[in-house]
Structure formats: structure tokens, C-alpha cells
Amino acid sequence: MGRKNILSLLILAGVILALPLGLGNSYYLNVLVFVGIYSLITIGLSLLMGYTGQISLGHAAFFGLGAYTSGVLSTKFGVSPWLALLAGIFVTGGIAFLIAAPALKLKGHYLAMATLAFGYIVFIVFNQASSLTGGPSGFGQIPRFRLGNFLLRSDVHYYYLVWTLVIVVLLVSLNIIHSRVGRALRSIHEGELTANIMGVNTAKYKIQVFVLSAVYASLAGSLYAHFITFLNPTPFGFHFSIVLVAMVAVGGMASVWGAMIGAALLTILPEYLRAFQDYDILIYGSILLLIMMFLPQGLFAGILRLIKKER
Amino acid sequence: MSLGDQLLQYLFTGITIGAIYGMVALGFNIIYSATGIINLAQGEFVMLGGMMMVYLTAIIKLPMVVSFFLSILIVTAIGAAFERAAIHPLKSPSVITLIIITVAASILFKGGAMFAWGKHTVSLSPFSGEEPISVLGATILPQTLWILGIMAATVALLILFFGFTLTGKAMRACAANRTAASLVGINVKTMVLLSFALSAGIGATAGIIITPIALMNYDRGTMLAVKGFSVAVLGGLGSNVGAVVAGFIIGIMESLGAGFISSGYKDAIALVVLLLVLFLKPSGLLGSRERAEFKKF
Amino acid sequence: MDPILQIEKLKKKFGGVVAVDGVDFEVNSHQIKAIIGPNGAGKTTIFNLISRICPPTSGTIRFKQHKINELKPYVIAEKGISRTFQNVQVFENMSVLENVMVGRHCRTRSEIFAAIMNLKRTRAEEKRIHDYSLEMLSFVGLETKKNEAASNLTFQQQKLLEFARALATEPDLLLLDEPAAGLSVPEADEMAQFVYRIREIGITILLVEHNMGLVMEVSDEVIVLDSGQVIAEGTPREVQNNEAVIAVYLGERETENANHTKS
Amino acid sequence: MRKKGKIVVGVVVAIVIVLLLVGPLSIWRWVPVLRKPAVAYKVGAIFAVTGPAAWLGTPERNTAKMIEEEVNAAGGINGHPLEIIIEDTVGDATRTVTAAKKLITKDQVLAIVGPSRSGTTMAVIPIVEEAKVPLISCAAAEAIVVPVKSWVFKTPQKDSHAAVRIYETMKLQGISKIAIITGTTGFGDQGRKQLKKLAPELEIEIVADETYGPDDTDMTAQLTKIKASEAQAVVNWSIVPGQVIVAKNMRQLGMKIPLFQSHGFGNIKYAQTAGEAGEGIIFPCGRLLAVDTLADDHPQKEVLAKYKKEYEAKYEEDVSTFGGHAWDGLHLVIAALREVGPDREKIRDYIENTKNFVGTGGIFNFSPEDHSGLTKDAFEMLTVKNEKFVVLE
């Protein structure tokens with residue numbers, strides 16, 4: 001990991017620590033909690049899409065699997081939220097592993113379709129397995145996290161919890177990127193067959209990064225479940241999978257920082273646009289369109305390039 | 001109702017649903033084969049077609065036939081304008097960029113339709129009466145026959161167009177190899193424009209003919225796009241006959257699934273089959289493996 | 001001399017077309033062997049079969065006495081076969097050095113958990129990968145370009161980069177697919193020097209090449225292929241005087257001349 | 001290229017400046033002096049204005065705006081202007097939670113009306129309970145007020161009442177074996193649960209239980225299964241477009257058995273969309289849609305006629321029961337504000353003890369045990385005749 005990344009991490013940590021002092025309003029913190037939760041997913045997606053070049057239109061399902069495993073275990077079976085979170089990671093990781101092996105043999109749009117279909121099937125199961133999931137009505141009263149005797153209840157508590165995990169996940173991801181494995185991932189993106197002939201077990205790494213991104217999404221899902229304390233299937237459908245891909249694309253796929261910027265932008269933007277009422281849908285669509293047209297590498301890369309150019 | 005009657009009815013239902021999906025999938029195919037783009041705004045063309053038709057017939061009170069062609073024409077123009085405004089200016093965009101651009105466009109179309117026509121679900125009177133036709137104890141709506149007829153005509157026209165006209169052949173050439181096509185003097189950018197216009201037109205046609213059965217509102221496009229995309233992939237991207245066949249397969253599977261297994265899981269059943277097909281034959285039922293491998297990300 | 005690579009009754013069909021039709025030959029350790037033949041004779045297909053880009057229809061390929069038909073491409077690389085490509089296949093958006101470091105992949109071990117923990121031995125290994133790769137880059141003379149994106153290199157430099165990347169896998173057998181294609185005469189001469197230098201390290205070379213000057217200069221043995229079949233095998237001199245070969249090549253030279261006059 | 005770069009920089013800088021000037025993170029909000037003095041009574045409203053339930057949220061939003069204008073034109077509440085801050089749920093639980101937190105912590109509203117749908121309401125309940133803000137939901141599901149949550153009320157009639165009224169009507173018609181078909185949305189699912197729970201009590205046997213997705217285009221498969229069963233009537237519990245497609249599909253299949261719909265059918269547009277297939281549909285509904293047929297001395301007549309007249313004059317569209325739910329919720333809050341002033345806890349207490357409040361949905365009588373306030377008599381059984389709603393004889 002380069003010096004630049006360590007510096008960026010330190011700056012991020014500083015900003016994270018300081019922000020609540022400046023904002024002090026639980027609504028803003030609440031928005032930032034969601035930014036953090038979505039960042040966890042988009043960082044994983046950037047590893048999968050930006051670095052390895054494999055598309056997924058079904059990551060909302062992994063987010064949902066984490067949320068539901070965690071929520072159901074802790075609410076209906078009295079499992080501690082932390083254990084439930086771990087269980088979510090194992091369940092989601094296991095399912096991701098099973099789907100990854102056949103799906104990642106597919107390429108391009110066929111992979112996109114397979115992940116979409118998988119996501120949709122999971123969404124249907126959330127709706128139909130009502131004895132566990134409460135069906136379309138969902139279920140509530142999901143317990144919150146505890147640290148010893150301390151109950152995490154306010155937005156500030158979750159803000160620090162979520163963002164601590166974001167930093168950890170960032171650290172983990174940056175370590176992977178700047179390693180032998182990260183190089184292998186990028187070589188798969190550049191030319192899968194060539195990478196294979198040069199000695200990279202491409203199938204293995206594709207599966208690994210897919211499972212890893214699913215695990216990140218599951219972690220995010222568990223945090224979501226124990227934060228919002230109510231689950232129904234709507235946030236885990238096709239629509240959200242697309243939003244996630246849009247976040248990654250808008251921020252800049254080829255960088256975990258870009259993925260975070262995208263998550264932040266597409267989470268905060270609709271909050272700004274609340275003031276515009278119905279028109280928000282048009283403004284949101286236009287901004288998305290313009291960014292992709294004029295900064296196709298994403299905001300992060302676009303801004304970096306501009307800074308360099310101006311110098 | 002005897003089991004036989006039920007089975008026949010499920011089949012009719014499947015054919016009706018399948019024809020709807022097949023029409024949407026045809027639109028996907030045209031843009032995909034000319035450009036390699038998966039246009040996630042395809043469902044919005046369908047929605048626009050349906051809403052436009054309802055607007056022209058119910059509000060402007062134009063005759064059916066005039067409205068039919070006018071709606072298709074207007075949506076075709078919208079498709080072309082979208083290509084000019086958002087796709088044409090791009091320089092060698094990545095596939096994910098294109099996907100997000102079409103998503104953004106679909107948000108805009110949806111928003112536009114919401115402002116233009118409101119949020120209510122609208123319906124359209126069927127082309128030739130509402131009296132169901134009885135066949136051996138099962139029933140089918142005359143509108144379904146219209147859908148099937150227009151779909152057959154569309155596929156036939158597409159085959160003629162791609163097989164026998166110069167423009168059609170040029171579009172196929174672009175699909176096979178863009179660089180080579182431009183080397184022999186085909187204006188690739190024009191072909192892309194054409195493919196968007198054509199696909200919007202077909203989408204609009206689909207929207208118009210399904211509205212009497214499925215109704216329409218501004219929010220309907222996304223799901224139709226997802227189904228259409230599934231069908232196009234199952235049939236093998238780029239294969240028009242494949243799209244029609246796969247449409248019927250998915251439609252019939254959904255209706256049999258709803259009838260005999262569980263209406264809640266019917267979509268899942270169809271999707272599991274889709275996944276299995278993809279895992280066993282990664283280029284779809286009627287797609288060619290080589291073509292799938294050439295069209296990389 | 002012991003054979004490092006043995007090919008027996010190798011056959012490959014694409015649909016109805018037979019690209020390789022019952023080919024037998026051996027490559028001995030430390031030799032430079034060339035496969036020549038007119039376009040479409042099946043030369044590159046043989047390479048693709050050896051590095052398992054596609055499976056053979058029938059026949060066996062043995063490397064160091066072990067059958068390798070069934071192995072995945074990356075395992076073949078681990079066993080000690082590497083290659084370059086006819087139309088270069090560098091990882092364009094990665095730096096020159098990173099390209100070579102990918103080649104080092106199959107000789108190193110740190111997996112994802114070690115990477116996450118960023119262990120001391122992982123860092124040490126990363127350092128070794130870096131140093132070894134740099135060494136390979138200086139071997140081909142590209143060390144000054146190490147931080148450039150591979151796409152910024154010239155065509156010849158990209159070919160050299162492929163050499164370095166292939167060498168980083170520490171191969172015992174190196175397949176060179178038309179190393180001189182697309183190069184000017186002095187550049188092709190440079191390539192010939194490289195081929196010699198690679199053999200000096202102790203690497204066996206199997207070569208496909210159209211540039212007859214280069215083939216005749218560097219090869220110990222030459223195989224001539226036509227329509228998927230071996231029509232002659234021997235030292236460059238023997239092959240040059242083989243009547244079947246002359247017939248095939250005269251035929252091609254005429255068409256080539258015809259092409260030249262056209263353009 | 002350089003020029004283009006500068007333009008893009010310019011655009012980015014401009015966007016940043018705009019965002020700093022307006023919106024939630026704007027610099028003005030960090031400077032307390034620049035804030036407007038808070039004299040207005042702020043009430044929050046969370047409706048599904050866009051998204052799949054926009055047909056529900058839009059009349060609610062329209063009603064809220066109408067009431068705000070009306071109240072302020074009449075001099076506000078005890079001299080204080082009324083400010084209704086409307087937020088959109090987009091039909092998404094996450095966005096709804098954020099909206100609720102914004103209303104509570106940033107806008108500091110005194111009470112919240114909405115959300116429109118059951119699922120989103122369930123998602124905000126823990127928030128209002130913890131923040132101690134009165135919430136008057138416009139969603140139907142029983143689970144919102146059963147068990148009673150101290151800060152949560154609702155104005156639409158209960159699902160269970162709707163189911164009971166449907167079953168009672170069936171019994172009068174001599175129907176005992178029925179099929180139910182429900183949409184897989186929160187609303188449809190809650191309805192399905194109530195129908196199944198209450199059937200044994202009222203001696204109704206459910207012989208077929210089918211579902212469909214909110215985006216399905218054809219339900220003849222499910223209906224064929226029902227047709228093959230012994231069902232004497234069908235209950236469809238869903239939202240548009242499913243309600244209309246089911247009616248059309250039944251007609252296609254030549255099914256002559258009566259079709260009952262839920263109280264989600266409360267907009268004359270749906271009957272019109274269904275056309276001929278809609279004739280004879282029976283459904284429970286508040287009296288708003290049948291106001292013309294009410295006797296003049298009916299206690300709700302005046303309220304209903306006024307709301308219908310004003311809404312239809314202002315928005316040039318047919319009034320729906322959904323907007324009525326918002327009307328009831330807002331007027332409950334306004335009445336409370338008028339009596340007890342800007343105090344969340346007092347507002348809650350006032351609403352909980354409200355008796356004989358005449359709303360569009362019925363006559364409300366709240367109590368600590370009942371946060372719904374309506375009885376099953378709030379429903380009238382309506383039927384469709386010549387594309388109009390009339391009271392079922």
C-alpha cells in the first residue's frame with residue numbers, strides 16, 4: 001500500500017472523527033450511516049467490477065441475505081447480533097461461493113443476466129418464505145448491537161461503528177489490491193486468457209473476489225438490519241442492485257476511493273433533491289446521465305485528472 | 001374445469017405472457033446486435049408506446065389506426081433523439097458506462113412520463129372487441145391474437161430487413177465487426193442511430209399492443225425490461241427467433257408454474273431454468289457461442 | 001538427448017475444418033526448434049493446444065514425460081511452459097513492471113489472507129517478486145520504462161515485455177509465436193540475439209516464425225507443416241533442400257509476390 | 001481539451017457552491033443567526049409521492065397542500081401559520097427512515113402524518129417511538145396499531161374490519177366457499193393474513209389461496225386454478241394494476257362468480273379502467289366515494305361533500321379515499337394543535353382521547369386501547385354500476 005493511500009486513510013479517519021462535532025444533527029448522521037453501509041458494498045463491487053472486470057447486477061441480494069440472516073437469527077432465535085452478523089457472513093459467503101463457480105464461467109452480458117436472475121430469485125424467496133422473513137410485510141423489533149453492557153442505540157453510535165468497519169474494510173481491500181492477488185485480479189480484467197496462460201488461476205481468484213464482495217455486502221446488510229430494526233424485501237430488489245452499480249460507476253470503478261465517493265454522492269444527492277419534490281427524479285436522472293457522459297471514468301478519476309491538468 | 005381444459009388455459013396464458021416478453025426482447029436484440037449495448041431503457045420505450053397511444057386515443061381522440069402509427073413514430077423519434085443526445089457523443093465508452101447511461105435515461109423517461117401523463121394506471125380498449133374466444137373449453141382474448149400476429153409480422157419484417165436490404169446487411173456487418181464495417185465504408189454511427197430508432201419503434205409497438213391486456217403506467221417499464229432481457233439472453237442475444245421462442249418458454253413456464261406449483265414462486269421457477277440453461281449453454285438457446293465470445297466487455 | 005516435449009498424433013478439428021492433422025514431433029532439452037509452414041498450416045494452433053487455450057480433439061502432449069493435455073493453462077505455466085503471442089497480449093493498463101510481476105505469480109505463494117494481513121513474509125515475497133521482475137526487465141532492456149503503462153510502449157517494446165513476462169515464470173520451455181513479425185530488419189536481428197541469449201540461460205525454445213532468415217539462423221532443427229501435417233523435419237540445411245518443402249514454399253512465394261504487386 | 005476541462009471544472013465548482021448555499025449541508029444552517037424565527041407550527045408528512053405507490057401518495061400530498069393553504073388563509077392555528085413539510089418515501093423503507101429522521105431532528109416537526117404504506121410505516125415506528133413524536137399513519141395494516149404503540153395512530157379503516165365486512169356480505173349472499181388472490185406487497189400480504197385468520201370465525205372456507213407479483217401482466221393462470229376449484233366468490237386484495245387485471249382476466253375466463261376487492265379499490269378511476277369487467281365488483285369503502293347517495297342528515301355528509309368539492313375543484317381529478325386518510329390525519333393534528341399548542345406529548349394525549357371526530361373515513365373514537373378509532377361500521381359496501389360507485393343494496 002502506497003504512502004498516498006495511508007495518508008488518505010488517515011485523513012478519512014480524521015474527517016470521520018470530526019464530522020459529528022460539526023453536524024451534531026442525527027438526520028445528517030443517519031444519512032452518513034447509510035453512506036458508510038453502502039460504501040462497504042461498493043468497495044467490494046469495485047474490487048469485483050473495477051479491478052477484476054466481472055459485472056454483477058445481483059449484489060442487492062447479498063446485502064439482503066446478510067440483513068435477513070442477521071435479522072431473523074437475532075429476532076426469532078435470540079442469537080446475539082454480533083453472532084448473527086458472523087452467521088450472515090458465512091451464509092452469504094457460502095451462497096456466493098455456490099453461485100460463483102458456475103456463474104463466473106459466463107462472460108459479459110450473460111454474467112450480468114445470471115447475477116440478475118440470482119438476485120431476483122433471492123428477492124422472491126424473501127417475499128415468499130413468510131414463516132421466516134415475514135413475507136412482503138416484513139418484520140420488526142430487530143435487536144440492536146451491544147458492546148458489553150452498552151447498547152448502541154443512537155445514530156452517533158452507529159455512525160462510529162459503521163465507519164470503523166469501513167476503515168477496516170478499506171484497509172483490507174487496499175492490502176489485497178497492492179498484493180500478488182490484487183495484481184492477479186487486474187490481469188484477469190486486462191486479459192483473462194493471457195493471465196491464465198501466464199500462470200494465474202483465474203477461476204479461483206474470480207470466485208474469491210466474488211465471495212469477498214458478497215461478504216462485504218453481507219456485513220453491510222447486517223449493519224443495516226440492526227440499525228433500521230425493520231426488514232421487508234423492497235430495499236433488496238433489482239432496483240437497488242442497479243443503484244449499487246451506478247454508485248460504483250459514478251464514483252469511478254477502478255478505485256476503492258471512487259467507489260466510496262459514488263456511494264456518498266448517490267446517497268446524499270437524493271437528500272438534497274428532497275426540496276425539489278417530484279422534480280427530484282428528473283434532476284437525479286440528469287446528473288447521473290451527465291456524469292457518465294462527461295466523466296465516464298467516474299468522478300474520482302475525473303477530478304484527479306483535472307487537478308493534474310490544471311497544474 | 002377438467003385438467004385438460006386447465007392445461008390448455010395455462011398454455012394460452014403462457015403464450016400471451018410469452019408474446020409480451022418476446023416483443024420486448026426483440027427490441028433488446030436489435031440494439032445489442034448492432035452495438036453490443038444492453039439498453040436498460042428498453043422497457044421505457046414500451047411504456048412510452050403504451051402511454052402515448054392512450055394519450056392520443058383518449059385525450060386527443062385520434063382514430064385508433066392513426067394513433068397507432070403516430071405513437072410508434074413519436075417513440076421512434078424519442079429513441080433516435082436519445083441516441084443522438086446521450087450515446088452518439090461518447091468516445092469508446094465501457095459497457096458499464098453504457099449500462100448506467102441507459103439506466104439514467106430510463107429514469108428520465110419515467111420522470112417525463114410521470115409529468116406528462118400522471119401516475120395513474122391506464123388502459124386501452126382492445127383492437128377488436130373484448131369478447132374472449134373459446135377454444136376447447138379454454139379462452140383466449142382477441143387481443144392476444146393481435147399480439148401474436150403483430151409479433152410474427154415484426155419478426156418477418158426484421159428477417160427481411162436484415163437479410164435482404166442494404167441497410168439491414170450493413171447493420172449486421174456492424175454487429176459482426178465494427179472496424180471492418182467502417183473500413184468498407186459503412187457509417188457505423190448512423191447504424192447505431194438506426195438501431196436505437198428501430199428498437200424504440202419495436203418497443204413502442206409492443207407497448208401499444210400489450211396495454212389492452214396488461215394495462216400501463218409510468219412505472220411499468222423496469223419490470224418489462226428485466227423480463228425482456230431475461231428472454232433475450234435465454235434465446236441467445238442477437239437471435240430474433242430465439243427471442244420469440246424463449247419468450248414462449250418463459251411465459252409458459254411461468255403460467256404452468258403458477259398453475260401447478262406455486263403462484264408465488266412462478267417467476268423463480270422460470271429464472272432457475274434460465275440459470276441452468278446459462279450454466280449449461282452459456283450463450284443461450286439459439287445464440288452462437290463464438291458470437292458470445294467475440295462480444296466481450 | 002532427452003526430449004522435454006513429446007507430441008503424438010495430435011489432432012484438432014474446428015467444426016469441419018481439420019487444423020492439425022496427426023502431428024508427431026519431439027523437442028529436446030536446450031535446443032531451439034522452429035515450426036514453419038504457410039499460413040493456415042496449423043502452427044499457432046499447435047501452440048494453442050500446448051498452452052491449452054483449446055483442448056485437442058485427439059492425441060497426447062507430454063512435457064517432461066508427463067501428459068499435460070488435461071491440465072489448465074495456469075498449471076501448464078507452473079509446470080514450466082510459457083509463451084509469447086503473435087499479436088501481443090500485454091496487460092495494457094498495467095505498468096510495464098506489473099506486467100512482468102504477473103509472470104512471477106506462479107512462482108510465488110502468498111494468498112488472499114496473507115495479503116489481507118500484510119504479513120512480514122508477504123512483504124518479503126513482494127520484494128522478491130519486484131526484484132526478480134526488475135531483473136527480467138533489465139534483461140530485455142526495458143528497466144527505464146518500468147512505470148510506464150504497457151500501452152505506451154512501441155510494438156517492439158511490447159514484444160520484449162512479453163519476453164520478460166514469460167521469462168519471469170521461469171520456464172523450461174518457451175514458446176515464441178512469431179517473435180519477428182511486424183518488426184523491421186534491424187529489430188528482427190535484435191530479436192535473434194535475444195533468442196540466443198534465452199537459450200544460454202538454459203531454456204528450450206519452440207518457435208513459430210515466418211522470417212526465414214531468422215529461422216535458418218537460430219534454429220537447431222526445423223519442422224515444416226502444411227495443411228496440419230508434418231511434411232519435413234531436420235536441420236535447417238536439410239529442410240531447405242527438401243523437395244516437398246520447396247514445392248509448398250514456391251507455391252506460397254508466388255502468391256505472396258502476387259500480393260505484393262497488388263499492393 | 002483544455003477548454004473542455006475548464007468547463008467541467010466550472011460546472012463542478014458551480015455545483016459545489018450551489019450545494020453549499022442550499023440543501024441540508026448548506027452553510028446557512030450552520031449559522032443560527034440566519035435561521036428564520038420559528039413561529040410556524042411545523043407538521044411533517046411522509047407520502048409515497050413517487051415510486052410504485054405514487055397513485056396513493058399523490059392524492060395525499062395534494063390534500064396536505066390544500067389543507068395548508070386553507071388553514072393559513074383562515075389565519076393559521078391560533079395565529080400561528082401551519083407549515084406542512086412533505087417528504088417522499090419513493091416507496092422505499094430506507095428513504096422513509098431518513099425522511100422521518102429529517103423531519104424529527106432537523107425540521108423539528110410537532111407530529112408526522114403518513115407514511116402511505118404499511119411497510120414504510122412499520123419501518124418508522126421504532127424511530128417515532130424513540131423520539132416521542134406522534135405519528136398518524138395513512139396505511140391500512142392492522143399491525144400498525146395492534147399491539148398499541150403509544151405514539152402511533154392510523155386513520156384508514158382496519159384490514160380486519162374490511163375482511164369482516166366482506167365476509168358478512170358473502171354470508172348474506174349465501175356464499176361459504178371462496179378463493180382469495182392477493183398481491184405480494186405489504187398491503188396484499190396483510191390482507192391475506194386477515195382473510196385467512198378471520199375465515200373460520202365467520203364460517204367461510206378458503207378453497208384456493210393464490211398470489212401474484214405487483215408487476216405481473218396476466219393472472220389467468222391463478223384464476224384458472226380458482227375456476228377449477230369450488231369457489232363461489234373471489235376476493236382480490238391488492239393495489240393497481242393487479243385489481244384491474246384480475247377483473248379483466250375473470251371476464252376473459254368467463255367466470256361468473258362475484259369478485260370482491262379490498263378497500264384499496266377506493267378510486268373511481270380503477271372501475272373506469274376495468275370497464276365492463278369492473279361492473280358488479282363489491283368492496284368495502286369509506287363513505288367518501290358514495291357521498292352523493294348519503295342521506296343529508298348523515299353525520300359525515302357535510303365533511304365529505306366539502307372535501308370532495310374542494311379537492312375536485314382544485315385538482316380537477318376524482319377524489320379518492322387515500323387523500324381522505326391524509327385529510328383525517330392532518331385534521332386530527334390541527335385540532336390537537338388548536339387545543340394544546342406546540343407540544344408533542346400533549347398532542348399525543350389529545351389525539352388519544354379524541355372522541356366523535358368526524359373524518360372522511362368515519363367517526364373516530366380513540367382510546368388508550370384503540371389507536372385506530374374506527375369500527376367496522378366505518379365501511380360501507382359499495383359496488384360498481386355503470387362505472388360509478390353505489391352503495392350495495
Side-chain angles (χ1 to χ4, degrees), chain A residues 1-2 5-6 9 43-44 47-48 50-53 93 97 105 168-213 215-216 252-255 297 301, chain C residues 47-48 50-54 72-85 88-95 97-119 122-123 125-126 128-130 133 150-151 162 165-166 168-171 175:
Chain A
M1 190 165 43
N5 278 319
I6 294 172
L9 265 180
I43 289 169
L47 287 178
L48 179 67
Y51 285 92
T52 322
F97 179 76
K105 287 185 184 149
V168 171
V169 162
L170 259 178
L171 208 70
V172 164
S173 307
L174 287 169
N175 275 342
I176 293 175
I177 290 164
H178 297 279
S179 77
R180 170 179 175 267
V181 178
R183 223 163 22 240
L185 297 178
R186 286 170 60 206
S187 73
I188 294 172
H189 191 181
E190 295 286 313
E192 191 173 336
L193 195 55
T194 314
N196 203 335
I197 292 167
M198 285 303 133
V200 177
N201 185 347
T202 51
K204 178 176 87 178
Y205 289 115
K206 284 201 290 182
I207 293 173
Q208 280 185 354
V209 74
F210 191 81
V211 171
L212 184 73
S213 69
V215 163
Y216 287 176
M253 274 195 294
S255 145
Q297 303 300 315
Chain C
F47 270 23
N48 288 351
I50 297 173
S51 49
R52 195 49 165 77
I53 291 179
C54 46
K72 299 250 165 58
Y74 72 91
V75 184
I76 291 173
E78 281 171 14
K79 296 273 178 209
I81 302 180
S82 194
R83 69 174 288 181
T84 64
F85 299 88
V88 289
Q89 301 281 343
V90 295
F91 304 125
E92 292 194 345
N93 294 311
M94 294 169 77
S95 78
L97 182 61
E98 283 171 329
N99 264 271
V100 185
M101 287 167 90
V102 171
R104 207 64 203 129
H105 188 92
C106 61
R107 299 288 165 238
T108 43
R109 287 286 152 264
S110 290
E111 284 302 343
I112 193 160
F113 288 107
I116 290 171
M117 305 314 288
N118 201 14
L119 303 172
T122 318
R123 290 199 301 269
E125 188 184 75
E126 189 69 12
R128 286 201 303 276
I129 296 175
H130 179 271
S133 305
S151 55
E162 280 202 337
R165 187 178 62 184
T169 68
E170 287 182 59
L175 314 177

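Computed from a predicted model, the values in this text were never measured in an experiment. Naming convention: chains lettered A, B, ... in sequence-line order (proteins, then strands); numbering from 1 in each chain.
- At a heavy-atom cut-off of under 4.5 Å, chain C is reached by A:Ser179, A:Arg180, A:Val181, A:Arg183, A:Ala184, A:Arg186, A:Ser187 from residues 179-187 of chain A, listed in order of number.
- Checked against side chain to side chain contact (heavy atoms under 4.5 Å, CB included), C:Ser133 has the following partners two or more places apart in sequence or in another chain: C:Leu97, C:Val100, C:Met101, C:Arg104, C:Ile129.
- Each of C:Gly103, C:Ser110, C:Ser51 has some count of heavy-atom pairs under 4.5 Å with chain A, and the biggest count is that of C:Ser110.
- Atom-to-atom distance recorded for A:Thr202:OG1 and C:Lys72:NZ is 9.0 Å, nearest 0.5 angstrom.
- Although no hydrogens or angles enter the test, the distance criterion places a donor-acceptor pair under 3.5 Å between the side chain of A:Glu190 and the main chain of C:Asn93.
- With a 4.5 angstrom heavy-atom cutoff, C:Glu111 touches chain A via backbone and side-chain atoms both.
- Every residue meeting the side chain to side chain contact (heavy atoms under 4.5 Å, CB included) condition with A:Val169, not counting sequence neighbours, appears here in chain and number order: A:Leu40, A:Ile43, A:Ser173, A:Tyr216, A:Leu219.
- No part of C:Arg52 comes within reach of chain A, as not one of its non-hydrogen atoms sits under 4.5 angstrom from that chain.
- At a 4.5 Å heavy-atom cutoff, the contact between A:Leu193 and chain C is made by side-chain atoms alone.
- Taking CD1 of A:Ile197 as the reference point, atom CG of C:Leu175 lies at 9.5 Å (rounded to 0.5 Å).
- Residue contact with chain C, scored on non-hydrogen atoms closer than 4.5 Å, is absent for A:Ala254.
- How far CE of A:Met198 is from OG1 of C:Thr169: 6.5 Å, rounded to the nearest 0.5 Å.
- Most heavy-atom pairs under 4.5 Å with chain A: of the set C:Ala168, C:Cys106, C:Ala115, C:Ala166, this distinction falls to C:Ala115.
- Inspection of non-hydrogen atoms places C:Tyr74, C:Ala77 of residues 74-81 of chain C under 4.5 Å from chain A.
- Applying the side-chain contact (heavy atoms from CB on, under 4.5 Å) test between C:Asn118 and each of A:Leu174, A:Leu171, A:Asn175, A:Val172 identifies A:Asn175 as the sole match.
- Contact count against chain A (heavy-atom pairs under 4.5 Å) is highest for C:Thr108 among C:Thr108, C:Val102, C:Thr122.
- C:Glu126 touches chain A through its side chain: at least one heavy atom from C-beta onward sits under 4.5 Å away, while N, CA, C and O do not.
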